[in-house]
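First the structure, in the form of structure tokens, and then the observations on it.
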Amino acid sequence: MAREYKLKPKQNAGTQSGIDYRAELNDQQYAAVTSRPGHALVIAGAGSGKTRALTYRVAYLLDQEVPAKSILLLTFTNKASREMLERVKELIPQDTSDLWGGTFHSICNRILRRHADELGFTRNFSILDTDDQKSLMKQLIASAKIETKNRRFPKPDVLLSIFSLSENTKTSIEDIIDANYPYFEEWLDEIILLKRNYTSKKLETNCMDFDDLLLLALKLLKQDEDLRQLYQRKFRYVLVDEYQDTNATQCELIDLFVGKKNSLMVVGDDAQSIYSWRGADMGNILTFHGRYPDACIYKIETNYRSRPEILELSNAAIKANVSQIPKELRASREKGSMIPAVIPLSDPRAQADFVTQRIQDLIDEGIEPNEIAVLYRAHYQSMEVQMELTSRDIPFQITSGLRFFEQAHIKDVSAFIRFVVNRRDEISFKRMAGMLPGIGPKSADNLWRAWVALPISKQEEPPLAFSEYLLEFKVPKKASAHWEQLCYTLDELVTRDGFQMPSEMILSITGGVYDDYMRESFDNFEQRKQDIQQLMQYARGYTDINEFLSQLSLMSTADGDPKANRKEEKNEDAVTLSSIHQAKGLEWKVVFLIWLADGMFPIKKIIETENNDQLEEERRLFYVALTRAKDELYLTYPTLNPRSYTGEILQTPSRFFDDFSQDLVEEWQVHSGW
DNA sequence: GTTCGTTGCCTTTTT
DNA sequence: GGCAACGAAC
């Protein structure tokens with residue numbers, strides 16, 4: 001396989017001083033899009049530079065002396081907004097620190113931190129992540145004493161997704177169950193009751209979950225007209241990336257920020273809508289014109305990213321979908337030296353072997369490792385490749401399912417901080433207490449009851465010496481020494497006039513109790529200890545404890561965990577392993593898409609539902625994966641899956657292969673050399 | 001009555 | 001490899 005790769009060193013286009021919006025815009029439309037006043041909707045295909053169009057508009061606005069503080073930039077990850085602003089700075093030397101940019105969640109968090117008291121919360125509210133939600137729900141199910149012996153009651157995470165879907169699509173619980181969970185219909189009353197308990201518990205414990213951040217911000221702005229006008233006057237220009245993945249709440253929030261006077265620009269691609277399970281509604285794009293009749297709608301069908309061979313395949317693959325805005329993407333690049341490869345392998349081991357060996361070859365040919373990605377449908381599918389890369393000493397970075405801050409030991413440490421900051425945070429208190437030997441759920445609950453019985457537990461200010469109260473509590477004998485230690489540790493987290501610095505808090509917690517706990521609970525103690533060091537390092541950048549805690553909850557892996565962000569460890573030359581969802585918006589020269597067996601992608605569950613909408617979403621996901629590649633694309637699947645617990649099973653290639661002509665790909669036969 | 005260790009079952013995607 | 005259910009130990 002002869003290849004001609006003459007790779008130039010990576011350079012950032014457009015870093016020259018002086019700004020010419022047309023300079024690197026191959027398409028006249030861009031200039032029009034970025035500079036036109038009023039509303040705009042850009043429907044554009046993959047790799048057409050949607051994000052670039054947004055970036056240019058920000059630069060343009062700043063160049064027109066629009067103050068940065070009157071721009072609101074909503075993106076899918078915080079990292080995306082950071083990168084866009086960096087790019088703006090390259091284009092135009094203006095200070096963008098006043099600009100509000102980030103995810104819906106982080107923007108709503110900022111607003112709520114200022115005004116949460118209007119909703120019955122305090123500004124120190126805690127943010128519940130999925131894990132916190134689950135343990136809260138588990139408690140609520142237990143205390144509701146539902147008779148589940150004979151009939152199966154939905155598990156906490158199922159309940160939570162019912163609630164979330166109901167909120168995000170503005171559909172009643174009843175209708176959601178009717179449509180998606182008919183087998184739980186008999187539990188309708190209990191489910192509705194739990195929903196009510198869940199909501200009131202969050203208020204009582206001063207906690208918000210991810211949905212609340214959006215919903216409550218929306219509620220706040222709807223109910224308080226002065227506040228609404230304040231923000232409407234502030235954000236004169238609203239820009240939204242990945243518009244196809246907004247849900248009803250986000251859509252309404254945008255419309256509310258824009259009001260009657262402000263200017264809105266959104267970009268999106270219906271073919272890349274992959275979050276409907278989270279309530280995302282493509283309808284938001286389709287109804288855009290109805291809500292903004294004077295908006296200009298642009299369609300960009302030029303792809304600047306991929307070789308024509310890859311694009312042709314992608315076009316063909318997505319054509320099988322019925323519900324879509326038809327687009328025919330044209331490649332602006334020249335033909336490359338290979339057409340996408342399809343590689344059947346005997347089993348997952350062989351697949352991993354092939355992928356890693358090919359990666360090694362590419363690196364030897366001079367491709368930078370960070371220009372290579374391995375993508376898959378589900379995180380667990382990356383196992384074998386991870387092991388193989390490790391054994392061959394090829395550096396890789398993985399966007400795991402668990403975010404850095406979601407790992408148990410990180411959450412343990414922050415539980416202390418969260419409780420001290422928000423004294424009503426039951427979940428954090430119980431997590432903290434439960435770490436002590438001899439204290440399980442029951443004793444933790446008793447301790448919590450003793451705590452809430454004290455009036456001091458409801459007050460916000462001032463910080464107090466926790467030991468004064470907590471030392472009196474009755475704890476199991478086995479735990480008493482540890483309990484004392486814990487109380488004094490809590491005392492160290494506050495100062496006379498406020499909270500200790502975040503990094504100091506972590507130091508106190510590890511020194512006071514957590515090191516001991518970690519040593520006896522985890523076999524990979526050293527590794528976790530290092531993570532905590534990272535956390536402490538990261539905390540140094542923060543003085544405000546609420547800001548630090550918000551960041552922990554709202555930062556996703558895609559935003560880069562602090563590990564990856566540390567300069568000396570920044571893995572410039574690592575291969576990327578990522579789920580397709582997390583690869584959204586990114587691109588690499590070489591992409592491997594693995595586990596393309598029917599039942600693995602599309603996943604079995606969706607095949608079994610025989611729901612065509614879901615299958616189409618799965619196909620869009622496939623499309624997203626294909627269009628990440630710039631130059632080379634490898635599609636692999638194992639024909640045998642020995643790891644299945646039903647024993648070895650034969651696997652057929654993904655049904656997505658049936659959607660395109662086999663001329664568009666070349667099949668590679670891999671023979672084991674020895 | 002509660003905690004803690006062991007076995008067996010199942011594995012989507014994320015702010 | 002993680003979590004629920006179960007049964008043994010405290």
Side-chain angles (χ1 to χ4, degrees), chain A residues 74-80 102-109 127-131 133-135 138 141 148-149 152 155-157 160-161 164 168 208-215 242 245-247 249-250 273-280 375-383 386 399-403 405-408 434-446 475-479 520-521 523-524 550-559 578-584 595 599-609 614 617-618 620-622 624-625 641 643-646:
Chain A
L74 290 158
T75 52
F76 204 76
T77 63
N78 291 307
K79 186 186 176 193
T103 60
F104 282 91
H105 290 89
S106 65
I107 299 295
C108 287
N109 178 53
I127 299 173
L128 302 177
D129 67 14
T130 321
D131 193 55
Q133 286 181 290
K134 262 199 249 177
S135 42
K138 216 190 287 178
I141 293 172
T148 59
K149 274 273 173 330
R152 312 248 328 153
K155 297 246 152 46
D157 43 344
L160 287 161
S161 39
S164 177
N168 283 322
M208 296 187 194
D209 62 26
F210 286 128
D211 289 339
D212 290 331
L213 290 176
L214 304 191
L215 290 160
E242 311 280 11
D245 283 322
T246 54
N247 62 31
T249 317
Q250 293 166 327
S273 166
I274 52 176
Y275 281 89
S276 71
W277 48 273
R278 208 169 83 181
L375 306 181
Y376 34 81
R377 176 65 177 87
H379 288 291
Y380 71 92
Q381 295 172 344
S382 68
M383 278 304 301
Q386 277 189 63
T399 59
S400 70
L402 263 196
R403 302 180 299 170
F405 299 126
E406 262 171 0
Q407 298 173 89
M435 284 179 225
L436 306 189
I439 296 186
K442 204 69 200 181
S443 316
D445 190 55
N446 289 337
V475 294
K477 215 183 263 147
K478 200 173 162 191
E520 62 193 41
S521 319
D523 47 3
N524 57 351
S550 300
Q551 198 64 16
L552 293 200
S553 313
L554 296 176
M555 195 156 108
S556 69
T557 22
D559 300 335
S578 169
S579 72
I580 303 168
H581 280 91
Q582 285 181 321
K584 177 193 180 76
W595 279 106
M600 305 304 276
F601 191 14
I603 57 167
K604 203 164 89 224
K605 224 173 207 163
I606 282 176
I607 296 173
E608 279 164 1
T609 59
Q614 289 192 39
E617 171 142 330
E618 201 79 351
R620 289 194 292 272
L621 193 60
F622 182 56
V624 168
N641 185 6
R643 274 201 329 165
S644 165
Y645 31 88
T646 44

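Side chains included, hydrogens not; waters and symmetry mates left out as well; all remaining heavy atoms used. In what follows, chains carry the letters A, B, and so on, assigned in the order in which the sequence lines appear, proteins first and then strands, with residues in each chain numbered from 1.
Taking only side-chain nitrogens and oxygens, A:Ser443 comes nearer than 4.0 Å to OP1 or OP2 of B:dT3. For B:dT13, neither phosphate oxygen OP1 nor OP2 lies less than 4.0 angstrom from any side-chain nitrogen or oxygen of A:Gln582. Distances shown here put a side-chain N or O of A:His379 below 4.0 Å from the OP1 or OP2 atom of B:dT14. Close to B:dT14, at under 4.0 Å from its OP1 or OP2, lies a side-chain N or O of A:Ser579.
Using a 4.0 Å heavy-atom criterion, one finds that A:Pro437 contacts the sugar-phosphate atoms exclusively. Residue contacts for A:Phe104: at a heavy-atom cut-off of 4.0 Å it reaches no nucleic acid atom on any strand shown. Across all strands, A:Ile439 comes closer than 4.0 Å only to sugar-phosphate atoms, never to a base (heavy-atom distances).
Heavy atoms only, all atoms of each residue included: A:Ala80 and A:Thr75 are closest at CB-CB, 4.1 Å. The two atoms that bring A:Ile606 and A:Arg377 nearest to each other are CD1-NH2, 4.5 Å, heavy atoms only.
Considering A:Tyr376, A:Tyr275, A:Phe76 as possible partners of A:His581, the one that fulfils the ring pair (Phe, Tyr, Trp, His ring centres under 6.0 Å) test is A:Tyr275.
Summarising the geometry, the separation between CD1 on A:Ile603 and P on B:dT14 is reported as 12 Å, rounded to the nearest angstrom. Whole-Å rounding puts the A:Glu242 CD to B:dT15 C1' distance at 13 Å. Atoms CZ (A:Phe76) and C1' (B:dT13) sit 10 Å apart, rounded to a whole Å. The separation between A:Phe210 atom CZ and B:dT15 atom C1' is 5 Å, rounded to whole Å. Across the protein-nucleic acid pair, A:Tyr275 atom OH and B:dT12 atom P stand 16 Å apart, rounded to whole Å. In this entry the distance linking CG of A:Asp157 with C1' of B:dT13 reads 14 Å, nearest Å. Put simply, CG on A:Asp245 is 12 Å from P on B:dT15, counting in whole angstrom units. Here the C1' atom of nucleotide B:dT14 and the CG atom of A:Asp209 are 14 Å apart, to the nearest Å.
Ring geometry, A:His105 versus A:Phe210: the interplanar angle exceeds 60°, so the pair is classed perpendicular (tilted spans 30 to 60°).
The side chain of A:Lys442 sits closest to B:dT2 out of B:dT12, B:dT14, B:dT2. Comparing atom distances between the A:Trp277 side chain and each of B:dT15, B:dT12, B:dT14 picks out B:dT14 as nearest.
When the side-chain contact (heavy atoms from CB on, under 4.5 Å) test is applied to A:Asp445, the partners found at least two apart in sequence or on another chain are A:Lys430, A:Arg449. For A:Pro437, the side-chain contact (heavy atoms from CB on, under 4.5 Å) partners at least two apart in sequence or on another chain are A:Lys478, A:His482. Applying the side-chain contact (heavy atoms from CB on, under 4.5 Å) test to A:Ser443 and every residue at least two apart in sequence or in another chain returns A:Ile439, A:Pro476. Every side-chain contact (heavy atoms from CB on, under 4.5 Å) that A:Asn109 has, sequence neighbours left out, goes to A:Arg113, A:Phe125, A:Ile127, A:Leu213, A:Ser550, A:Leu554.
Of the two residues contacting DNA chain B, namely A:Ala444 and A:Arg278, the nearest-nucleotide position lying further toward the 5' end is that of A:Ala444. Taking the nucleotide of DNA chain B with the nearest heavy atom to each of A:Gly434 and A:Lys605, the more 5' of the two is matched to A:Gly434.
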Sugar-phosphate atoms are those with a prime plus P, OP1 and OP2; base atoms are the rest. Using that split, label each nucleotide of nucleotides 3-10 of chain C B, S or - for protein heavy atoms under 4.0 Å, 5' to 3'. -S------
How would DNA chain C look in dot-bracket form, 5' to 3', counting Watson-Crick and G-U wobble pairs with both distances under 3.5 Å and writing | for bases paired to another strand? .|||||||||
Set out, in order, the CA-CA distance, both residues' side-chain angles and the distance that settles side chain to side chain contact (heavy atoms under 4.5 Å, CB included) for A:Gln614 and A:Lys605, then state yes or no. CA-CA 10 Å; A:Gln614 289 192 39; A:Lys605 224 173 207 163; over 6 Å; no
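Residues A:Ser579 and A:Leu375 have side chains not in contact (no heavy-atom distance under 4.5 Å, counting atoms from C-beta outward).
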